[in-house]
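Have a look at the structure below before the remarks.
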Amino acid sequence: MDFNDTPEEATFRAEARAWLDANAELRRPDDRPADVLSERTSPEIIAASQAWQKKKADGGWACLTWPTEYGGRAATSIQNVIWGQEEARYRTPPNIFGIGTGMCGPTILTHGNDDQKAKWIPKLLSGEEIWCQLFSEPSAGSDLAGLRSTAVRDGDDWVVNGQKIWTTGAQFCDWGILVVRSDANVAKHSGLTYFVVDMHSPGVEIRPITQINRGQGFNEVFFTDVRIPDAHRISEVGNGWAVAITTLMNERASIGGGGGGSVNDLIRLAKSVEIDGRPAIEDSAVRQQIARFYTRIKGVKMTGNRTLSALSQGKTPGPEASLGKLVGAKVAQEMASFAIELQGAAGALDRDAAAQGGDWQGRYLAIPGLRIAGGTDEILRNIISERVLGLPPESRADKGIAFKDIPTGPPS
Amino acid sequence: MDFNDTPEEATFRAEARAWLDANAELRRPDDRPADVLSERTSPEIIAASQAWQKKKADGGWACLTWPTEYGGRAATSIQNVIWGQEEARYRTPPNIFGIGTGMCGPTILTHGNDDQKAKWIPKLLSGEEIWCQLFSEPSAGSDLAGLRSTAVRDGDDWVVNGQKIWTTGAQFCDWGILVVRSDANVAKHSGLTYFVVDMHSPGVEIRPITQINRGQGFNEVFFTDVRIPDAHRISEVGNGWAVAITTLMNERASIGGGGGGSVNDLIRLAKSVEIDGRPAIEDSAVRQQIARFYTRIKGVKMTGNRTLSALSQGKTPGPEASLGKLVGAKVAQEMASFAIELQGAAGALDRDAAAQGGDWQGRYLAIPGLRIAGGTDEILRNIISERVLGLPPESRADKGIAFKDIPTGPPS
Amino acid sequence: MNFDFSDDQKLLQKTARDYLAEHSPLTVCREVLETDQPYAVELWKGAAEMGWQGAVIPEEFGGAGFGHLELAMIAEEVGRALAPIPFSSSVYFATEAILKAGSDAQKKKYLPALASGEAIGTFALAEKPGQSDVENVEARVSGGKLCGTKVPVPDGDVATFAVVAAQGDGGLSLYLVDLDTEGVSRESITSFDPSRSMARVEFSDASAELLGKPGEGAALVSHVLDRAAVLMAFEQLGAAQACFDDTIAFTQGRYAFGRPVASFQAIKHRLADMWCELELARSNAYYGAWALSNEEDELTVAACIARIQASEAFDDLAVEMVQMHGGVGYTWEYDCHLFYRRAKLLAAVLGTPAVWKHKLIDRIADAGED
Amino acid sequence: MNFDFSDDQKLLQKTARDYLAEHSPLTVCREVLETDQPYAVELWKGAAEMGWQGAVIPEEFGGAGFGHLELAMIAEEVGRALAPIPFSSSVYFATEAILKAGSDAQKKKYLPALASGEAIGTFALAEKPGQSDVENVEARVSGGKLCGTKVPVPDGDVATFAVVAAQGDGGLSLYLVDLDTEGVSRESITSFDPSRSMARVEFSDASAELLGKPGEGAALVSHVLDRAAVLMAFEQLGAAQACFDDTIAFTQGRYAFGRPVASFQAIKHRLADMWCELELARSNAYYGAWALSNEEDELTVAACIARIQASEAFDDLAVEMVQMHGGVGYTWEYDCHLFYRRAKLLAAVLGTPAVWKHKLIDRIADAGED
């Protein structure tokens, strides 16, 4: 049992650090916490993010685990993690490539043909082209396979109609991965097909969604007779669900429990406000609560270390990773709620009017998204109970029924 | 809004109190809390309990809501509650008639014929005969209708075989209410029939169950070719489930959230032990916890008052009563757990070795029974969600299937 | 035993509910939230015409002369509608303070204007973040002039006057201060729930008139907070009930995997637990209303448990509302965030549950009450 | 990064598990629980033959000379089997105290006997109910004679000696006291989990030998508790895992409404949450083992979070085990109560989670650690 790098890992870390030292500036203690920086849509930020991705690609530090022929360095998963740890220590622009490099790229590398890989992967890796994901629909969230957008074959093309939702960054993306229904007469998982769509195609309309925190990270995307060449189909017709699963596995691996603020910030707050005329940090109830948060957050982190160890030993982590998001998002919400309560009447304020610049209020409004995106708490508990613990699946009201016959609302 | 009695209620209360003053002694502040007295099986206690019931019957204070022809006084529900409040102020023996007067009697009064009422009700009311309930089986707990004991018609008799469990007081009872399967070829709720069984019949064997707190309030009852005259059948053959529902509704109305100890006891404890060298009651975390318990217990009590008000206005309380047991039992368990933790290392002790005579440890061992008996937390949440909130029922794997074909264990 | 509101009181509630359904659908709350408007002026006037602001003000001072039970029913409806008006500040706080401690002259000056809605009162206690408001008062009155800063003052940007807690010659005392007067400067500050406004108010030698006796401040603050807590509990209860009803309706109408979301046991059981929290809140609020309307000695205890359960239940239910709505619950377009924000605001403005828990233990630890 | 036990350590664990499966099925625990037998004597001897008691005792003192990682693996298995032996008292407490503070002579006297199982040590700190054990020590040594009463002393009825915290000339200090000697009287007292015994031990002028320096008691107690907390976390983890595994198996095999209880979503989701608690406990325990075996500065923090999560997880899981078993879970015949009792006992014996939470905040509040 050893938290230290193996000699190979240490060498790799030193190499990464050397490159970063030469190309970026270290973060400073008084930099704003990374988790409250959510703005990612201004042209300046996009340009900065692209420039940094290009620099990494040129230096051989983008998409480390991908094959060298596409610009990667065929690195191991643990090397990729080490890179991430090191990069996080530096001031870098917000990353707008997470979906492309974390989900789209790996899916194409797994299921795409050689032409598709050659066409898309290098520019994705270098940041020249930006990617998004088009899976969820207004009526297909947790029940993703219940999606209703359609694709109809027409000559060498497919014609797509329907609506997608929760598409991060759609307004500035070049390509999107898309799952649509190509056959409503078979069971719901059997009638799906997976495409790559050019986001600049005629008939693609993008409308930003305002979140409860007034952020606009997500979009609705409407498809009206959008034509996609059959050459942009990934895998076989009707095999879309299997391909989507690859994407989702990569998504869950990349969503952590972040965004919740640190116990350190909470301790700072508890030192700065009073309860009963004394600093809150001396209040026994406050201490018990903070200790509970710390214990759980550290538990999530140590569980992550167990996963890293498995990676380091060359194993593939499984659905156990759901724990981090399930526990982490809930603790984050409780912690923000508690921090607001600590502020007393001033907890009713926001932004600059509130303590610590309103960071806790901001988190409290952002965190519900964490508990929903990439699998709600309920979906994660289903995954854990069925795929980790092997418990029997839910009885399915929609099993073995043609998609068009599945109930979608109360009987009228 | 008024907590006081109406003039009629006040008159009734005074009458009850006058009789009690003449026939019993008031409880004293230093009497052992009623909730830790669980022993109910010694001959002395049974005799004392019977004597008190007889005295009440003679005075016209037993089973107040029952018709006068059977010894009741046709009182209203609120009068019955007032009686209960008053009786609780006095030193009386443990009550061994709760099941008879709370469940068996009301069921016979509702579903029995005149002969049956005349035969059983008066002696039940006067305490001369003691009753028990024989519903649950080892494989039929929450799924009560899944019971497997059988009754087969033989001339004027029925022959019963099978095993019942969780029968309170079976070892000293004269009669039992019994639900058994008379037809396994129809759907599970349709094949049940309801009987009154003479507990002294040949073929009835009673074995006490030791609980986790070493108490023996319950029994297993084995039936081997026990003959029951058809005249002891309640309602029609195959109508047993409907009759059982009457019994269960009365059961849930009679099980409260009691047995959890009082906040007062907890405060006493918190004053007597130290945290960090100061009385625990001064510790902020302890205060927050106790306040939470108090708030919830008082909330349950006030909810009870709302129910009483409905009773007082002549309304029938519905499934809402599940709240008291669901919330009350959980708070009771948390409170006992917390009280044990307050004792520090000495929390690992029990009985006289522990603080407050081990009452909290005793409760901690008794309370799991509260969370299970008369409907587990899960069953109560089903009742609330389906019958109070009107949410859709669970999908049923056993619906419309002959009882004999319903899966009862993993496929072998 | 009649632990329930009377038919007349329920009728009044029904009238209030109908009025608000027509004049304060959630779009009204949203309009205030999304614009610079500090509150819904027309609604405020309409409420005054209904007699709500003056519900407990005696008729001799221009009020409706109802009791607190009637006001509780109105508060529940104000809560249900998330009505974006300074009702709590003016009615639960300022009016209660003057009713309790005002001289006859003060009552004559303020109560009729409060009843008509012409005056908006508020209560200015907090000065800095934390749960030690009374301990932290540094505002000071000397020679009838108030100096100091109060933040946040709920509705302080629109109130015409404030009841201010400040240090005076005899110790902490309450003062009446007109806010449109020399020596007062105020600014709107960002509220966590912008459908309810918050202000920073600075006093530099502003005229302040003693309310009650010198040095009586701590006792009066406690008294006013107890009363406000009960009324606020009804407002929270109404909002929590609306939040729950909407969640029930949504999960029944929303289908996933071919069946209503509300048919999944994990959701059903959580809804059952939420219902329990709500019913406990209702029961404790009723207890508070009883104690308040009868001026019972138990008022403080009743106020504590009403406040604690109402705050926690509303907070819980609002969190679950967002979660159970899934993705759409996280959009500005859906109304979930109106509840999510309001729950935190109402839990903050008159002492958090933690503060009330301490007060409760102070009361019960020696009382031997059970 | 290799945050895992080595193959050798896992092999040792497997050996321990197999041994206990054969020699300490739950019937062994039950036998001690149901009879006057204070512990399973044969199992204790067997464990000593396996080298467990001497796992971290150097070979020069008759031990196996393993490290704490190996001992952690053994502790997990002792926990899983609910082994009714004075393992924690003798190994996590007494042995650790002597290893840390013992003179060479003391080590020579005690360690070989501890390793062979011939001696059973325990740790006598608490004197009365509450969470202020160190603050409440009134036992006093003067002139090498100890007077006072310790209660409860885990395994104090069977231990051959105790490490006793008492006031000495230099303040609170630790002392070694043989228990079969003049001036010591002890009696078994009722344990909440009678498969583990508890005693009251009275000292009247019993010979006591200083362990460590005078006045070093508080620091040594803290040191020993940190180490014991990590090892106990593994014992709790093993027990919690057994409890969870049994609950999973039971709910899968038990049918209601024509389907396994484990197929109901309310049960499934609760099992998922229980699994999370268990995994967090495992991760934090591993962190504790790492810090312990490497004598890291972070040991106290790691011990705190290992102890807190292990105690709470085992307690939670034991409560759920009883509940999910339904009626049979409430019977003496089923094993649920063995876990339900043990969970509370292990949470009590070396400081409750509340105590460790305070210790944690003491450490992290100023450290800026995150």
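The basis for the numbers below is simple: all heavy atoms, side chains too, and nothing from hydrogens, waters or symmetry mates. So that the names make sense, note that chain A is the first sequence line, chain B the second, and so on, each numbered from 1.
- Considering only heavy-atom pairs separated by less than 4.5 Å from chain D, the leading option among Arg214(B), Lys399(B), Gln361(B), Glu394(B) is Arg214(B).
- Across Gly253(D) and Pro410(B), no two heavy atoms sit closer than the pair O-CD, 3.7 Å.
- A salt bridge links Glu378(B) with Arg270(D): the distance from a Lys NZ or Arg NE/NH1/NH2 to an Asp or Glu carboxylate oxygen falls below 4.0 Å.
- The environment of Glu138(D) atom CD is sparse: at most 12 non-hydrogen atoms of other residues, nucleotides or ligands sit within 6.0 angstrom.
- Between the side chain of Arg341(D) and the backbone N or O of Ile212(B) there is at least one donor-acceptor pair closer than 3.5 Å.
- Of the two parts of Asp283(B), only the side chain, counted from C-beta on, holds a non-hydrogen atom closer than 4.5 Å to a non-hydrogen atom of chain D.
- For the pair Tyr364(B) (side chain) and Tyr340(D) (backbone), a donor-acceptor distance under 3.5 Å is absent.
- Contact annotation for Ile267(D): only side-chain heavy atoms (C-beta onward) come within less than 4.5 Å of a heavy atom of chain B.
- Interface remark: Ala347(D) contributes no atoms to any contact with chain B (heavy atom separation under 4.5 Å).
- For the options Ala285(B), Gly146(B), Ser337(B), heavy-atom pairs under 4.5 Å to chain D are most numerous at Ser337(B).
- Considering only heavy atoms from C-beta on, Glu334(B) stays 4.5 Å or farther from Val319(D) through its side chain.
- Rounded to the nearest 0.5 angstrom, Ile367(B) CD1 and Tyr330(D) OH are separated by 9.0 Å.
- At a 4.5 Å heavy-atom cutoff, the contact between Gln131(D) and chain B is made by backbone and side-chain atoms alike.
- For Ala345(B), the parts lying under 4.5 angstrom from a heavy atom of chain D are both the backbone and the side chain.
- With a threshold of 4.5 angstrom between heavy atoms, Arg200(D) does not approach chain B through any atom at all.
- Taking Gly258(D), Gly329(D), Ser263(D) one by one and counting their heavy-atom pairs under 4.5 Å with chain B, the maximum is reached by Gly258(D).
- Counting heavy-atom pairs closer than 4.5 Å to chain D, the top-ranked of the candidates Pro138(B), Ala354(B), Ser136(B) is Pro138(B).
- Taking CZ from Arg254(D) and OG from Ser142(B), the interatomic distance works out to 8.0 Å, rounded to the nearest 0.5 Å.
- If you take CZ on Phe192(D) and CD1 on Ile340(B), they are separated by 4.5 Å, rounding to the nearest 0.5 Å.
- Only the side chain of Phe264(D) comes within less than 4.5 Å of a heavy atom in chain B; its backbone stays farther off.
- Contact annotation for Pro154(D): neither backbone nor side-chain heavy atoms come within less than 4.5 Å of a heavy atom of chain B.
- With respect to chain D, the highest number of heavy-atom pairs below 4.5 Å among Glu341(B), Arg381(B), Arg351(B) belongs to Glu341(B).
- Proximity to chain D (any heavy atom under 4.5 Å) is shown, for Leu365(B), by both the backbone and the side chain.
- When all heavy atoms of Pro407(B) and Tyr255(D) are compared, the closest pair comes out as O-CD2, 3.6 Å.
- When the candidates Ala266(D), Ala256(D), Ala348(D), Pro260(D) are compared by the number of heavy-atom contacts under 4.5 Å with chain B, Ala348(D) comes out ahead.
- Around the OH atom of Tyr334(D), the shell of radius 6.0 Å holds no more than 12 heavy atoms that belong to other residues, nucleotides or ligands.
- Looking only at heavy-atom pairs under 4.5 Å with chain B, the residue among His337(D), Arg196(D), Met198(D), Gln323(D) that has the most is Gln323(D).
- With a threshold of 4.5 angstrom between heavy atoms, Ala145(B) does not approach chain D through any atom at all.
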Ile275(B) vs Glu135(D), test: side chain to side chain contact (heavy atoms under 4.5 Å, CB included). Steps then yes/no. CA-CA 9 Å; Ile275(B) 290 179; Glu135(D) 292 87 345; over 6 Å; no

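- Once rounded to the nearest 0.5 Å, the distance linking OG1 of Thr352(D) with CZ of Phe338(B) reads 9.5 Å.
- Across Thr376(B), Ile406(B), Leu342(B), the residue that shares the most heavy-atom pairs under 4.5 angstrom with chain D is Leu342(B).
- With Leu349(B) as the partner, the side chain to side chain contact (heavy atoms under 4.5 Å, CB included) test is satisfied by one option alone out of Leu345(D), Asp193(D), Ile189(D), Thr190(D): Ile189(D).
- Between the CZ atom of Arg259(D) and the CG atom of Asp143(B) there is a distance of 11.0 Å, given to the nearest 0.5 Å.
- The part of Gln252(D) that comes within reach of chain B is its backbone (N, CA, C, O), which places non-hydrogen atoms under 4.5 angstrom from that chain.
- Contact tally against chain D (heavy-atom pairs below 4.5 Å) for Glu274(B), Lys188(B), Gln343(B): the top residue is Glu274(B).
- Here the closest heavy-atom approach between residue Val322(D) and residue Pro368(B) is recorded as CG1-CB, 3.7 Å.
- Note that CD of Glu333(D) and OG1 of Thr210(B) are 9.0 Å apart. Values are rounded to the nearest 0.5 Å.
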Step-by-step side chain to side chain contact (heavy atoms under 4.5 Å, CB included) determination, Trp166(B) to Thr331(D): CA-CA 10 Å; Trp166(B) 306 117; Thr331(D) 63; 3.3 Å; yes

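- Closest approach of Pro129(D) and Ala355(B) over heavy atoms only: CG-CB, 4.4 Å.
- Looking only at heavy-atom pairs under 4.5 Å with chain B, the residue among Ala354(D), Cys336(D), Gly326(D) that has the most is Gly326(D).
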